[in-house]
Amino acid sequence: MTVNNLRSPAKVNRLVLLQRIVHEVSAASDLHEAARIIVKRVKQAMRMDVCSIYLLNPADQTLVMSATEGLTPVVAGKVRLDCVEGLVGLVVTRSEPVNVRDAARHPRFKSSPQCEENPYHGFLGVPVMHRGEMLGVIVVQQAHAQRYRDTDVAFLVTLAAQLAGVIALARAAGTISLFSSDQGEHEYYVDAIAGAPGVATGTGVINFSPALLDSVPDRVPEDMQAEEAALRAAVGAVVTELRQLHSDFEGALQPEDRALFEALAMIASSHTLVEAAVDRIHSGNWAPGALRETIAEYANQFATIEDPYLRERARDIEDIGRRILAHLEPSENEQIDYPARSILVAEDLGPVDIARVPVERLAGVISAHGSALSHVAILARAMGIPAIVGTAGVIAVSQLDGKELVLDGYRGRLHVNPGSALVDEYSRLIREERALSRELAHLRDLPAETPDGFRVALYTNAGIQADLGHSQAVGAEGIGLYRTELQYMLRDQFPGEEELRVVYRQVLEAFAPNPVTLRTLDVGSDKTLPYFPVEEPNPALGWRGVRFALDNPVIFITQLRAMIRASAGLENLRILIPMVSSVEEADEAIQLVRRTWEELVKEGETVTLPPCGLMIEVPSAVWQASSLARYADFLSVGTNDLTQYLIAVDRSNGRVASRFESLHPAVIGALQHVVAVGRQQNIPVSICGEAAGDPAMAILLLGMGINSLSMSASDLPRIKSVIRTITREQALSLLNDVLQIERAAIIRELLTGVLVKAGLGGLVRAGA
Ligand code: PEP
Ligand code: MG
């Protein structure tokens, strides 16, 4: 199997060309190989005399030539430039392309004796940047003097943008250390989404599924002969399986269609493929890892072929790989030896995967996919286990197997191969956390009241039954937000009225006579129902929350009936409507609550009409808060969505996670407006998004005069401690200062300083 040579850009559509290069580079086994592919392909595609890649070593700010095509190849890895030196350095300092007709005449030209640059005149250098960070420079050169055309510059810029992600991933994955000799074992970190708070140190344990060949880790085989035998047996089993399918479909499929199974069996048993995998076993990888590498190599060769039919065969090869892997997998019953402090890692962790690990050995979890609101994050929070989610694109799961890790679930940061200084630092943090929790435990039965007598009611957010115990343990005064969608997400069909009534009754009884706010179904966006898939181009702005409920009245009314019936005799139910964006929606939803109650009364149920509140979590609701307030009994601000929609930062996108900041002045302004409306119209306002559990934000909310907050149970003791330390007067004056500040970072700095000064430094989130 050979790869077709790339044709010139004139003959092949440049987009296809780009996709092909990116695809090929993504499959490279390490960063050096990726760089070599890039220079080779770019030189060919652009018909240049030279193409080279320089990567920036952040440790000493030098540019290292990583690969070259056109210059003497031995110079790769040897040429090191100061990052401000020469024309390549100019690309770095300017962070923009440098297009020079005759390099030798440019004042910044610096000849490097090792790389015989002198004969080359036309120079084009383009920065490779990932999320604002300089990673390196791609350079093309021509023997003759020439200024490059705009289309060439645009091509290289596009390529650099595409490759930046791949290079960042390869660098973060540590498949090779460019700048030190300890390949793959250097210390580094990556940032993703904070899934559940807390810090954990431990060893990565991969939970991989045969459906996800890519997540198979590399492992050193204990017995190469046994691995080889297992591989050959698995291939044999797949070949038999495929031949069986070939005969099973006799009569049902046309002979030419059935021939596909035979063709697949031939590929699976092909000498080249099997021997390539066996070679890899003997080079030191176990059978599943050797299979993953081999399948990636062959699938990639097909994927880069121009002929669309042959290109499609890449999928067949991947399918064969998955089938072979399924035969190599340890059986479900086989006991995995979990290390004492296991950090469970997977592409897509589910509750069952977590439940399989003995709880005393589970230190943390990492899921490549998912958001802060996905099951894995919610379950981890409920179990008090630190979690990071959404690591896909920043680190490959297969790189974490058996690695020493430090997981910072506050800021979503994962340290790989941490040095002893870092481990000591985090171990100290873990000890301090435990000491703090013990210290704060005595606050459980004390009121959340400022030293100057301002009382705040502290509630918790819940969604599964396990949350109820945690909420009681921290002394919650009720449930301020019960996310009912989780009951729907964990089933395989819409739950019935009685089923829901039983669950709601347990929640209401657990806290009676204290209030429990049950939020009506808030599905859509990233909270999807497995049995009701909705494909939308822009789901965050789509069929979610109250919009979905109003368009599906049977589902909505079933839920309302269950809630109201569950409250019979308890009188502590409050109903909250999510994602309201207009008066029409608010009016219709609240009328439906009233009508449902009337129906139940007519049916003879002894139930009272519960107070009905509206969530303020989109900008239109903020600016219509005073109109909405006329329909509702209370308002509850959801700062998670409000932040997402006000500053247009997707709350479940790891790429922009660092920009998600509820202390943004626009969010603070919106909160202030809603609180002012509540005061004018004498309607209670509470806050139930994650920001309510942020000690810095708590000071501002105190200043605004908010007297009801709802947060994760794990955050409640800290917030109570802030409230019992900072006076309302001090908070008010700080709020006035903050309202003059235009930048979130400065606001956070100011408030963190206040907390530290008040002796509450330990409460400041590690990432804050
Ligand atoms: C919010 O958006 O702030 C909120 C509390 O709701 P959820 O996080 O469930 O969307
Ligand atoms: Mg919300």
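Reckoned from all heavy atoms, side chains included, excluding hydrogens, waters and symmetry mates. These figures come from a predicted structure and were not determined experimentally. One-based numbering, in listed order, for ligands and for the atoms of each.
For Glu617, the nearest N, O or S atom to the Mg ion (ligand 2) falls under 2.8 Å.
Less than 4.0 angstrom separates some heavy atom of Glu617 from each of these atoms of ligand 1: 1 (C), 2 (O), 4 (C), 6 (O). Of all atoms in ligand 1, listed by their number and element, those nearer than 4.0 Å to a heavy atom of Leu481 are 5 (C). Listed by number with element, the atoms of ligand 1 under 4.0 Å from a non-hydrogen atom of Met615 are 4 (C), 5 (C). Atom numbering of ligand 1 starts at 1 in the shown order; those under 4.0 Å from a heavy atom of Gly689 are 3 (O), 5 (C).
Ion pairing between a basic and an acidic side chain is recognised when a charged N comes within 4.0 Å of a carboxylate O; Asp191 and Arg411 show no such pairing. Arg483 has no carboxylate O lying under 4.0 Å from a charged side-chain N of Asp522, or vice versa, which leaves the two without a salt bridge. A salt bridge links Arg544 with Asp641; the closest basic N to acidic carboxylate O contact falls under 4.0 Å.
Taking the six-membered ring for Trp, Tyr531 and Tyr488 have ring centres at least 6.0 Å apart.
The aromatic rings of His415 and Tyr189 sit tilted relative to each other, their planes meeting at an angle between 30° and 60°.
Residue Arg519 places a heavy atom less than 4.0 Å from ligand 1. Heavy atoms of Arg651 approach ligand 1 to within less than 4.0 angstrom.
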Any chance you could lay out the side-chain contact (heavy atoms from CB on, under 4.5 Å) test for Gln644 and Glu617, step after step, and finish with the verdict? CA-CA 9 Å; Gln644 154 164 276; Glu617 46 186 352; over 6 Å; no
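If you look at Glu690 next to ligand 1, there are no close heavy atoms at all, none under 4.0 Å. At a 4.0 Å heavy-atom cut-off, ligand 1 does not touch Asn461 at all. Of all the heavy atoms of Met711, none lies under 4.0 Å from any atom of ligand 1, so neither backbone nor side chain is involved.
Every N/O-N/O distance between Glu485 and ligand 1 stays at or above 3.5 Å.
Cation-pi geometry between Arg574 and Phe634 is met: under 6.0 angstrom from the ring centre, within 45 degrees of the axis.
The local environment of CZ in Arg594 is sparse, with at most 12 non-hydrogen atoms from other residues, nucleotides or ligands closer than 6.0 Å.
The atom of Asp641 nearest to the Mg ion (ligand 2) is OD2, with the search restricted to N, O or S atoms.
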